[in-house]
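What follows is a single structure, written as structure tokens, with notes after it.
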Amino acid sequence: MPSFAIALIAAAIATVEAVAVLEKRAVTLPPANGKFDYQLGGAYTPPTGTQILTRDRTASPVTGLYNICYINAFQTQPDDATWWKTNYDTLLLRKSNNQYFEDPDWPGEIFLDTRTAEKRTALATIVNGWIDGCATAGFKAIEPDNLDSYTRSNSLLTKANNLALAKLLADHAHTKNLAIAQKNTAELTASDKATVGFDFAVVEECQAYDECDNFTDIYGTGMLEIEYTDNDNAQSVFKAACTARGATHSVILRDRDLVASGQSGYHYEQC
Ligand SMILES: *[C@@H]1O[C@H](CO)[C@@H](O)[C@H](O)[C@H]1NC(C)=O
């Protein structure tokens, strides 16, 4: 090959790499140990000093904060189940008896069927539209929930199925300069993180279940932690989490239903 052709190819490769670096840089991570609130049960004025805020994709981000957009990407929200059945019934998982397969822990939330590439592409088309909405609204990151649905699906769904959908969502989020969080799913490895392209982690109850190291080993300080008040010994669990990670990580204690401030049952503490 003539040397000018080699030089051209080298220049083209360098350009592709430069673009890849620029795209990577465009994604920002939540500030490590930033004050954090998790507002999925209703939006309200965040506590003073909040830097990182998670809200549902249908709620508005708050100017000046690192806003994370919550998306239920692996199962229906109870309110959306009828919409899914009407428009995309074949994308809902059914048991062998043909009944919809609802999350045993969250009634009304039907698992999305991630088993084939065709279905994953169809699901990603829908969810990527929501991700576009997050980007337009001004969120900085997305939190696709129920990545671990396969662990509750009597093995109908596999880890590989869900990671394959997550990869489609991560690639799309990154084109919109949004970071993407791994949600829960302690069994995932550093290699799974790299395969999908997760940027940080959002984890519920890792102290209560003694699995925080599974995430911090992979994500370092890039983990936001929520413990809940309805667990046994919730206050001592939270204290232990604060002792272990409060100086380095965002750790909060909230009521399970994440109700809005001022409503009955509301609880918020940070380390
Ligand atoms: C968390 O990590 C520990 C130690 O490596 C491992 O034994 C455990 O299985 C992991 N938890 C999950 C849910 O995979």
Side-chain angles (χ1 to χ4, degrees), residues 29-30 32-33 36 38 40 54 68 70-75 93 101-107 109-115 120 141-170 179-254 256 258 271:
L29 297 181
N33 197 20
F36 167 55
Y38 200 56
L40 301 184
T54 303
I68 302 171
Y70 172 94
I71 291 173
N72 201 344
F74 292 85
Q75 52 202 56
L93 187 68
F101 202 147
E102 281 181 72
D103 187 326
D105 299 333
W106 295 94
E109 299 202 9
I110 304 167
F111 294 133
L112 301 180
D113 187 352
T114 58
R115 289 178 295 180
R120 290 191 294 269
I142 58 164
E143 177 191 328
D145 198 15
N146 293 303
L147 175 65
D148 58 358
S149 63
Y150 66 91
T151 65
R152 302 185 293 278
S153 73
N154 289 344
S155 304
L156 281 185
L157 305 175
T158 67
K159 169 175 141 176
N161 293 156
N162 280 14
L163 292 186
L165 175 57
K167 165 96 177 119
L168 298 178
L169 306 181
I180 179 170
Q182 174 184 325
K183 181 69 177 289
N184 299 330
T185 326
E187 73 172 277
L188 298 191
T189 63
S191 143
D192 294 327
K193 168 189 185 267
T195 300
V196 174
F198 288 124
D199 300 297
F200 65 103
V202 176
V203 178
E204 295 168 290
E205 306 180 273
C206 68
Q207 182 70 39
Y209 289 99
D210 197 16
E211 57 190 23
C212 298
D213 290 349
N214 297 59
F215 301 96
T216 55
D217 284 354
I218 297 172
Y219 289 95
T221 54
M223 177 180 81
L224 305 173
E225 176 179 348
I226 307 107
E227 301 291 335
Y228 289 118
T229 49
D230 63 349
N231 275 323
D232 290 343
N233 307 312
Q235 276 296 343
S236 60
V237 166
F238 181 58
K239 279 208 182 71
C242 291
T243 301
R245 284 173 305 286
T248 48
H249 291 72
S250 307
V251 183
I252 59 173
L253 178 64
R254 287 236 41 196
R256 172 83 52 184
L258 300 167
C271 291

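Whatever order the structure lists ligands and atoms in, that order sets their numbers, starting from 1.
Smallest separation of non-hydrogen atoms from Glu102 and Ile110: CG-CG1, 3.9 Å.
Under 4.0 Å is where a charged nitrogen must lie from a carboxylate oxygen, and between Arg254 and Glu227 no such pair does. Under a 4.0 Å N-O distance rule, the pair Asp192/Lys159 qualifies as a salt bridge.
If you look at ligand 1, the protein residues with a non-hydrogen atom under 4.0 Å away are Ala186, Glu187, Asn214.
In summary, the side chains of Tyr219 and Gln182 do present a donor paired with an acceptor at a separation below 3.5 Å, with no hydrogens or angles considered.
Residue Leu253 is tested with Lys239, Gln235, Glu225, Gln207 for a side-chain contact (heavy atoms from CB on, under 4.5 Å); the sole match is Gln235.
Every residue two or more places apart in sequence or in another chain that forms a ring pair (Phe, Tyr, Trp, His ring centres under 6.0 Å) with Phe111 is listed here: Phe101.
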